[in-house]
Participant: 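Here's a structure for you.
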Amino acid sequence: MTPHEMLAKLEDVLAKAKTGVLATVGKDNQPHMRWMTPAVLPGRPGCVYAVTSPAFAKLLDVRGNPKVQWLIQTPSLREVCALDGVLTVIDNPALKNEIIEAIGRILFVFWKVNPQSEFVVLETRITQATYFCPMKNIKVNVTFTTAG
């Protein structure tokens with residue numbers, strides 16, 4: 001499977017799942033997992049995007065260690081994508097608009113726990129992805145280049 005084909009699988013799984021789990025490592029050297037609403041954006045291949053409040057603890061985690069993992073699965077658990085990547089925090093108005101257009105309507109929980117509605121964008125550049133289809137005994141790993 002090529003990186004392009006893996007990204008197509010990821011996009012399909014995300015369309016069904018709407019949520020994923022982001023794992024970071026805190027300054028306590030312990031993993032921390034959080035439910036998130038990730039998205040892929042047209043014209044920005046190889047990355048997964050999400051939003052967070054500047055006040056949330058995950059920003060401290062990624063400033064200390066930008067390596068993260070995502071786990072995204074369909075509700076039926078028939079397809080699972082596991083992603084390794086490097087996360088960058090971006091506070092760019094144009095990118096924020098793209099994200100809100102893509103996922104703003106399904107960020108119910110985020111708006112509820114973030115009443116100030118301030119947010120930054122989390123961009124995860126994928127370094128490796130694994131696609132699982134457990135019922136068909138399929139497991140495919142793809143490494144992404146860091147260039148570009």
Participant: How close do Arg78 and Pro134 get, counting heavy atoms only, and between which atoms?
Facilitator: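 Reported closest heavy-atom pair: O-CD, 3.4 Å.
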Participant: Out of curiosity, Thr88 OG1 to Arg125 CZ, how far, rounded to the nearest 0.5 Å?
Facilitator: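 Spacing of OG1 (Thr88) from CZ (Arg125) equals 8.0 Å.
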Participant: Side chain to side chain donor-acceptor pair (under 3.5 Å) with Glu79: which of Gln73, Lys9, Lys16?
Facilitator: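 So the option named by the test is Lys16.
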Participant: Flag yes if Leu87 and Val40 sit in one hydrophobic cluster, no otherwise; membership is Ile, Leu, Val, Met, Phe, Trp, Tyr, and two members link when side-chain heavy atoms are under 4.5 Å apart.
Facilitator: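 Same hydrophobic cluster.
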Participant: Atom CG of Leu14 and atom SG of Cys81: how far apart are they, to the nearest 0.5 Å?
Facilitator: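 So the CG of Leu14 and the SG of Cys81 are separated by 7.5 Å.
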Participant: Would you name the heavy atoms of Met33 and Ala23 that are closest together and state the gap between them?
Facilitator: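 For Met33 versus Ala23, the nearest heavy atoms are CG-CB, 3.9 Å.
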Participant: Tell me whether Met1 is reachable from Val48 by hopping between hydrophobic residues (I, L, V, M, F, W, Y) whose side-chain heavy atoms are closer than 4.5 Å.
Facilitator: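 Same cluster: Val48 reaches Met1 through Ile, Leu, Val, Met, Phe, Trp or Tyr contacts under 4.5 Å.
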Participant: Is it true that Arg34 and Thr52 share a donor-acceptor pair across their side chains at a distance under 3.5 Å?
Facilitator: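 There is no such pair (donor and acceptor under 3.5 Å, judged by atom type) between the side chains of Thr52 and Arg34.
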Participant: On the six-membered ring of Tyr131, is Lys139 placed so that its NZ or CZ lies under 6.0 angstrom from the centre and within 45° of the ring axis?
Facilitator: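 No - Lys139 does not lie over the ring of Tyr131 by the 6.0 Å and 45° rule.
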Participant: Just wondering, do Val68 and Val62 contact through their side chains at under 4.5 Å, heavy atoms?
Facilitator: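 When only atoms from C-beta onward are counted, Val68 and Val62 do touch, with a gap below 4.5 Å.
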Participant: Which heavy-atom pair separates Ile126 from Cys47 by the least distance, and what is that distance?
Facilitator: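 Distance-wise, the nearest heavy atoms are CD1-N, 4.3 Å.
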Participant: Hey, does the side chain of Lys96 reach the backbone of Phe119 with a donor-acceptor pair shorter than 3.5 angstrom?
Facilitator: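 Present.
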Participant: How close do Val140 and Met6 get, heavy atom to heavy atom, and via which atoms?
Facilitator: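 Minimum heavy-atom contact is O-CE, 3.5 Å.
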Participant: So how far is it from Lys67 NZ to Thr24 OG1, rounded to the nearest 0.5 Å?
Facilitator: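 One finds 14.5 Å between NZ of Lys67 and OG1 of Thr24.
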Participant: Identify the heavy atoms of Leu71 and Ala82 that sit nearest to each other, and give their distance.
Facilitator: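 The answer is CD1-CB, 4.3 Å.
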Participant: For Asn137, is the CG atom crowded, meaning more than 12 foreign heavy atoms sit under 6.0 Å from it?
Facilitator: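 Not buried by this count: 12 neighbours or fewer within 6.0 Å.
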Participant: In Å and rounded to the nearest 0.5 Å, what is the CE to CD1 distance from Met36 to Ile103?
Facilitator: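 Between Met36 CE and Ile103 CD1, I get 8.0 Å after rounding to 0.5 Å.
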Participant: Please check if any side-chain donor atom of Asp84 sits under 3.5 Å from a side-chain acceptor atom of Thr127, or the reverse.
Facilitator: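 The answer is no; no qualifying pair exists.
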Participant: Of all the heavy-atom pairs spanning Pro38 and Ile72, show the shortest one and how long it is.
Facilitator: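 Smallest heavy-atom distance, with atoms named: CG-CD1, 4.2 Å.
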Participant: Between the main-chain N or O of Glu98 and the side-chain N or O of Glu101, is there a donor-acceptor pair closer than 3.5 Å?
Facilitator: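 Side chain of Glu101 to backbone of Glu98: no pair is present.
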Participant: If I take atom OG1 from residue Thr37 and atom CG from residue Leu22, how far apart are they, to the nearest 0.5 angstrom?
Facilitator: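 If we round to the nearest 0.5 Å, Thr37:OG1 and Leu22:CG are 11.5 Å apart.
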Participant: Nearest 0.5 Å please: distance from the CG atom of Asn141 over to the CD atom of Gln128.
Facilitator: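 It comes to 5.5 Å.
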Participant: Are Val142 and Leu83 connected in the hydrophobic side-chain network, where two residues link if heavy atoms are under 4.5 Å apart?
Facilitator: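 Yes, same cluster.
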Participant: Does Ile90 belong to the same Ile/Leu/Val/Met/Phe/Trp/Tyr cluster as Phe56, with side-chain heavy atoms less than 4.5 Å apart forming each link?
Facilitator: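 Yes; tracing contacts between hydrophobic side chains, which count when under 4.5 Å, links both residues.
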Participant: Quick one: do His32 and Asp61 satisfy side chain to side chain contact (heavy atoms under 4.5 Å, CB included)? Show the steps, please.
Facilitator: CA-CA 9 Å; His32 300 274; Asp61 292 353; 3.8 Å; yes
Participant: Quick one: do Leu59 and Trp70 end up in the same hydrophobic cluster if we chain Ile, Leu, Val, Met, Phe, Trp and Tyr together by side-chain heavy atoms under 4.5 Å apart?
Facilitator: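 Linked within one cluster.
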